[in-house]
Every structure is written in structure tokens, then in C-alpha cells.
2 protein chains.
Amino acid sequence: MDQSGSKVKLGSKECSAALTAVGDALYVIGGKWKLRIIIALSEGFTRFNELQRRVEGISARVLSNELKDLELNGFLVRTVQAGSPVVVEYKLTDYSDTLADVLNALRAWGTMHRANIKTRMKEATQATS
Amino acid sequence: MDQSGSKVKLGSKECSAALTAVGDALYVIGGKWKLRIIIALSEGFTRFNELQRRVEGISARVLSNELKDLELNGFLVRTVQAGSPVVVEYKLTDYSDTLADVLNALRAWGTMHRANIKTRMKEATQATS
DNA sequence: CTGTATCCGCCCGGATACTG
DNA sequence: CAGTATCCGGGCGGATACAG
């Protein structure tokens, strides 16, 4: 089959490295909400309630926790401007830009996969009809 | 409950598309184990117990469920060869190759992030010393 | 070996109410 | 608006025992 190097064949060291690296990544940006929050922020939504509306399905409690977590990991900064209405803003840091490749890959794949699923369902319909 | 056509109705479609696409992706390959199992499989481990040893920390029950899920989503195929010891093998499908970019991006980022954390800790040590 | 079934504790996270 | 506190139910997932 792929013995003649058709697939990516890594040495055992690089293999565990892949497992470890992806594990590290998932530990920080894994979970249901982290990346979506980052996307919403990248779209220019900075306020708490804006984000909650934008990231559909998230509760205030969870959003609050996730934001703290993201701040701890250096992806965003929380700023408070005193005033008549106190303005709290969340803004992505430069470090969050390092996720660009991950985000792009995920977005591209998600788009592709959705189209693919539709095709599968159509075929299934035809086959069972 | 949002009655007003909350579907794609915004001027900037790309933004909501990103959220949807990444949401789709996370729905399928999100979670603690999926990608790690795929990596282990890509390393050539095909047997159940091999995978369980390779994907550190996963229990038999969870591994079983994840494998079913991955098979349902077309990432792998389960084959059973009858014999004195029945041989069960899990093999990645071509469709799993579409995840290459995602995996590479995640691996690269995880590696970068780990190095970055080390640097931060060093600096913190120096600052407090 | 390759799983499945059952029990069960724990924690995630929704709902609600409340504060500043 | 921007959260926090509390309650609490469900489910995720570990441990164990068991089946093919």
C-alpha cells in the first residue's frame, strides 16, 4: 500500500511529538467555545453581551469563565474604562494572531465537510428511495 | 428564541461563515480524543489495545465510543478478520487525509506554544529572582 | 484480545436571581 | 451593561466485571 512513502511516514520521535504537540494545543484552545469566542472577537465584537449574542448558545457564566481562561493564556486583554457607563472591552492580543493557520485550516475543513455531508445525504436519499 | 431571520442575513457573510464552519469542524473533530486517535492511527497503530496504549489516558469505554464515532463520520474503517485470534483493525480512510492541514497547523502551533510557555516561565523566574 | 455493561462520582454548565 | 452566586440535573467518563 503506502509502504513506498505515499503517506507521511514519521519516525517514532516525531510521532510522539505530534501527539504531544496536538495535546498541548487542545489543552489550551480545545473545548466547545474557545475558538469561537476568538473568532467573534476577531470580527470586532468586544463587549460581553455582544459576544454572548454572537457566540450562539453560550451562557453568561461559561462565557465569563472562558474569557478569564483566554486572558490567562494571553489571547486577549480585558480593559475597563471608568465612566458614566463603565465600559468593559475584550481585545485580542498579537499572540492570538498565531492561531491564524489553525483557524484557517479549521474553517476550510469545516466548510468542505459541510458540503461533503450534503452530498452524502443526497446520495443516501437517492439510494434508499 | 430569535424570531427575526437570524440566518445569513448580514452584510459580511464571511464572518458568520467562519463561526459556522469552525463550529461544524469542532462538532465532528472536537473533544479531547478524536484528533489524537487519528494521529495514533496515522502512525500505523491499528489494533484496539495498541491505540489505547498509544493514546495515553483514554479508557477502553471511551476509546470504543470514539472509534464508533470516527467510523460514523467516515474517518476510519473497522475490519474484522475471522481466525484463531479474531483480528480487528482500524484503518484511516482517504477522507481522514483531508485533515492534514488542520493537524499540521495544530501540531505547529502546539510546538510553538510550548516553547513560548517555557520562555515566559524563564522570564518570570528572572523577574522575580 | 476486543470490546460491552453496569455502577457511580464528579464536574460541566443551564437557569435563575442578584450585585455594581 | 457586566458579570457573580447558588442551586442542581445530566452526562462524561473512570473502575470493574463480564462476554465473545
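Just the heavy atoms: all of them, side chains too, but no hydrogens, waters or symmetry mates, feed the values below. Note on naming: letters A, B, ... go to the chains in the order of the sequence lines (proteins, then strands), and numbering restarts at 1 for each one.
- Although no hydrogens or angles enter the test, the distance criterion places a donor-acceptor pair under 3.5 Å between the side chain of B:T125 and the main chain of B:M121.
- Under a 3.5 Å cut-off, the side chain of A:E50 and the backbone N or O of A:R47 do form a donor-acceptor pair.
- Among the nucleotides C:dG3, C:dG14, D:dC1, the one closest to the side chain of A:R53 is D:dC1.
- The stretch residues 63-71 of chain A touches DNA chain D through A:S64, A:K68, each having a heavy atom within less than 4.0 Å of the strand.
- A distance of 7.5 Å separates CG in B:L70 from CG in B:L41, rounded to the nearest 0.5 Å.
- Judged purely by atom type and a 3.5 angstrom limit, B:R36 uses its side chain to pair as donor or acceptor with the backbone of B:K32.
- Regarding contacts with the backbone of D:dC1, every side-chain N or O of A:Y90 stays at 4.0 angstrom or more from both OP1 and OP2.
- Looking at A:N116 and A:R120, their side chains do bring a donor and an acceptor atom within 3.5 Å of each other.
- If you take CD of B:Q52 and P of C:dC1, they are 10 Å apart, rounded to a whole angstrom.
- Remark: B:K91 engages B:T46, B:E89 in a side chain to side chain contact (heavy atoms under 4.5 Å, CB included) (not counting sequence neighbours).
- Counting only distance, with no hydrogens or angles, the side chain of B:N73 and the backbone of B:D69 share a donor-acceptor pair below 3.5 Å.
- With C:dG3, C:dG14, D:dA2 as the candidates, the nucleotide lying closest to the side chain of A:F48 is D:dA2.
- Side-chain N/O atoms of A:H113 and B:Y95 include a donor and acceptor closer than 3.5 Å.
- Taking every heavy atom of residues 24-35 of chain B and every atom of DNA chain C, no pair lies under 4.0 Å.
- Between the C1' atom of D:dA2 and the CG atom of A:L51 lies a distance of 11 Å, rounded to the nearest Å.
- At whole-Å resolution of the value, CZ in B:F45 and C1' in C:dC1 are 17 Å apart.
- Considering only side-chain N and O atoms, B:R78 lies under 4.0 angstrom from the phosphate OP1 or OP2 of C:dG3.
- When the C1' atom of D:dC1 is taken as reference, atom CG of A:N49 falls 6 Å away, rounded to whole Å.
- For C:dC1, neither phosphate oxygen OP1 nor OP2 lies less than 4.0 angstrom from any side-chain nitrogen or oxygen of B:R47.
- Side-chain contact check for A:I58 versus A:Q52: some heavy-atom pair is nearer than 4.5 Å.
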